[in-house]
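Quick caveat: nothing in here was measured; it's all calculated off a predicted structure.
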Amino acid sequence: MSDPKPRLVCCIGDVHGFHTKLQNLWSNLEISIPSSDFATALVIFLGDYCDRGPDTNKVLDFLISLPSRYPHQKHVFIAGNHDFAFAGFLRVLPPPPDGSEFREGWKEFEDNEEREGWFKGEGYEGMHLQGRRWAGSTKGFNKAKGTEYQGSVYKARPTFESYGVPHGSADLVKAVPDDHKKFLADMVWVHEEDDVCVEIEGETKHCKLIAVHAGLEKDKDVKQQLEFLKARDTRVPKIKALSGRKDVWNIPEELKKTQTVIVSGHHGKLHIEGLRLIIDEGDGMAKNPVAAILLPSMKIIRDTDVLAN
């Protein structure tokens, strides 16, 4: 007896407030994938739904609508560092499990407060560090990205404006609908699948899959990292798995001995090397495409693809 056909897994990179790109990508996925496979697909969004692009409000509406529109799909919404910070500003993050206050996490980075212009408006006293940074007032040029800051280090002004309020306004808390707040409150920090199929060099392999926005730290115990991420422990002011760079780029050494796929967004690149998949071709830039990868085939689909029905 032949093995059953593996379930389609679709991992979608950072959207960053570009609603039209998301719509076009979704349409291209529907065109590219047999309807029976698409109807039952596991769809993993890799985070960073907000900021940079103009339509965060519409992006969240689209994502929230998916479970009712496609009831036989499974949808996973990973928290990106931008989404985490947005949730921090709205005060919908889970409280620290030890009962401590978010302000304890400010101390480690307080030397950056003036330069980054941390938010000091209504409600800041009970806010996670990243919420204050997200809504802060930062002027100047981001040399790393080659672009002007859009209000803050997170480029959050377009998100505020998508809800009809000016950047840095405490009124955003009232302007964001309750279903958007619930979506942001419910995001997971990591998702695991025990058995997905991946085609590598013409061979189909059964693998474990770990989806996390930036990656796992290569020199830290993987089990402990996963337990921390599943617990959504907000005592930490900066979470490497959501916002790290070089330290989360590679697959941890202990996982290289196993068949484990690690898929992420965040890094502003499309990078496929063995079982390490980084799907963020858009990087929140208007000129770049938003991409998705399909498993097992490892096929890349973009919003800019011109496909015929």
Side-chain angles (χ1 to χ4, degrees), residues 14 47-51 77-138 142 144 149-157 159-160 167-170 172-173 176 180-190 212-248 264-267:
D14 303 24
D48 279 0
Y49 315 113
C50 63
D51 301 342
F77 302 106
I78 303 287
N81 55 317
H82 287 255
D83 318 308
F84 178 93
F86 183 14
F89 180 79
L90 297 175
R91 277 93 81 195
V92 297
L93 291 175
D98 63 353
S100 62
E101 297 184 356
F102 285 136
R103 66 172 52 246
E104 292 298 314
W106 304 351
K107 297 174 183 177
E108 183 179 348
F109 298 95
E110 61 188 0
D111 290 346
N112 297 333
E113 180 172 2
E114 183 176 349
R115 177 176 60 83
E116 295 181 344
W118 295 358
F119 178 76
K120 292 184 179 179
E122 181 182 345
Y124 87 95
E125 298 92 345
M127 197 173 288
H128 191 281
L129 168 66
Q130 300 307 325
R132 294 194 64 196
R133 296 180 73 232
W134 183 79
S137 179
T138 306
N142 184 340
Y149 286 111
Q150 294 173 284
S152 72
V153 292
Y154 278 96
K155 298 184 178 179
R157 180 186 295 128
T159 296
F160 279 85
H167 175 77
S169 171
L172 181 66
V173 177
V176 173
H180 290 203
K181 291 176 180 174
K182 184 178 188 306
F183 175 89
L184 293 164
D186 290 346
M187 293 179 301
V188 298
W189 294 7
V190 68
V212 58
H213 181 63
L216 297 178
E217 293 180 75
K218 61 182 180 180
D219 297 323
K220 290 192 175 181
D221 181 84
V222 170
K223 182 180 179 181
Q224 291 180 359
Q225 290 189 69
L226 293 175
E227 288 175 351
F228 164 78
L229 293 170
K230 290 174 185 176
R232 301 195 301 165
D233 190 337
T234 55
R235 286 175 292 185
V236 179
K238 186 174 182 180
I239 299 159
K240 292 288 184 70
L242 274 59
S243 62
R245 295 291 179 183
K246 292 182 179 179
D247 48 356
V248 297
S264 304
H266 180 64
H267 293 277

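Residue K155 holds its NZ atom at 13.5 Å from SG of C50, rounded to the nearest 0.5 Å. Separating the CG atom in L129 from the OG1 atom in T234 is a distance of 12.0 Å, to the nearest 0.5 Å. Interatomic distance, K246 NZ to K218 NZ, rounded to the nearest 0.5 Å: 9.5 Å. Note that NZ of K240 is 6.0 Å distant from NZ of K220, once rounded to the nearest 0.5 Å. Note that CD1 of I78 is 9.0 Å distant from OG of S264, once rounded to the nearest 0.5 Å. With values rounded to the nearest 0.5 angstrom, L172 atom CG is found 10.5 Å from H167 atom NE2.
When all heavy atoms of A87 and L93 are compared, the pair lying nearest together is CB-CD2, 3.7 Å. Minimum interatomic distance between G265 and D14 (heavy atoms only, all atoms of both residues): CA-OD1, 3.4 Å. Scanning both residues, A156 and D51, for their nearest heavy atoms gives CA-OD1, 3.5 Å. What you find for G168 and F119 is that their closest heavy atoms are O-CE1, 3.3 Å. Annotation for N81 and Y154: closest pair O-CE2, 3.7 Å, computed over non-hydrogen atoms. Counting all heavy atoms, side chain and backbone alike, S152 lies closest to G136 at CB-O, 3.3 Å.
Taking the side chain as every heavy atom from C-beta outward, L226 and V212 never approach each other to under 4.5 Å. Looking at W106 and P237, their side chains never come closer than 4.5 Å, going by heavy atoms from C-beta outward. By the 4.5 Å heavy-atom criterion applied to side chains, V173 and R91 are counted as neighbours. Taking the side chain as every heavy atom from C-beta outward, I239 and Q130 never approach each other to under 4.5 Å. Looking only at side-chain heavy atoms (C-beta outward), R103 and E125 come within less than 4.5 Å of each other. Counting heavy atoms from C-beta outward, K120 and E113 have side chains that approach closer than 4.5 Å.
Under the side-chain hydrogen bond (donor to acceptor under 3.5 Å, both in side chains) criterion, D83 pairs with no residue, sequence neighbours left out. H213 pairs by the ring pair (Phe, Tyr, Trp, His ring centres under 6.0 Å) definition with H266, not counting sequence neighbours. Residues meeting the side-chain hydrogen bond (donor to acceptor under 3.5 Å, both in side chains) test with E116, sequence neighbours left out: W118, R133. Taking E227 as the reference, nothing meets the salt bridge (Lys or Arg N to Asp or Glu O under 4.0 Å) condition, with sequence neighbours excluded. Residues satisfying the side-chain hydrogen bond (donor to acceptor under 3.5 Å, both in side chains) criterion with K223, sequence neighbours excluded, are absent altogether. Evaluation of the side-chain hydrogen bond (donor to acceptor under 3.5 Å, both in side chains) rule for R232 yields no partner, not counting sequence neighbours.
More than 12 heavy atoms of other residues, nucleotides or ligands sit less than 6.0 Å from atom NZ of K181. Counting heavy-atom neighbours within 6.0 Å of E114 CD, excluding the residue itself, gives a total of 12 or less.
In this structure, the side chain of D111 does not engage the main chain of F109 through any donor-acceptor pair within 3.5 Å. Remark: the backbone N or O of P95 is not paired with any side-chain donor or acceptor of H128 at under 3.5 angstrom.
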Full working for ring-ring contact (aromatic ring centres under 6.0 Å, His included) between F86 and Y49: CA-CA 10 Å; F86 183 14; Y49 315 113; over 10 Å; no
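Each of Y124, F84, F160 was checked for a ring-ring contact (aromatic ring centres under 6.0 Å, His included) with W134, and the lone residue meeting it is F160.
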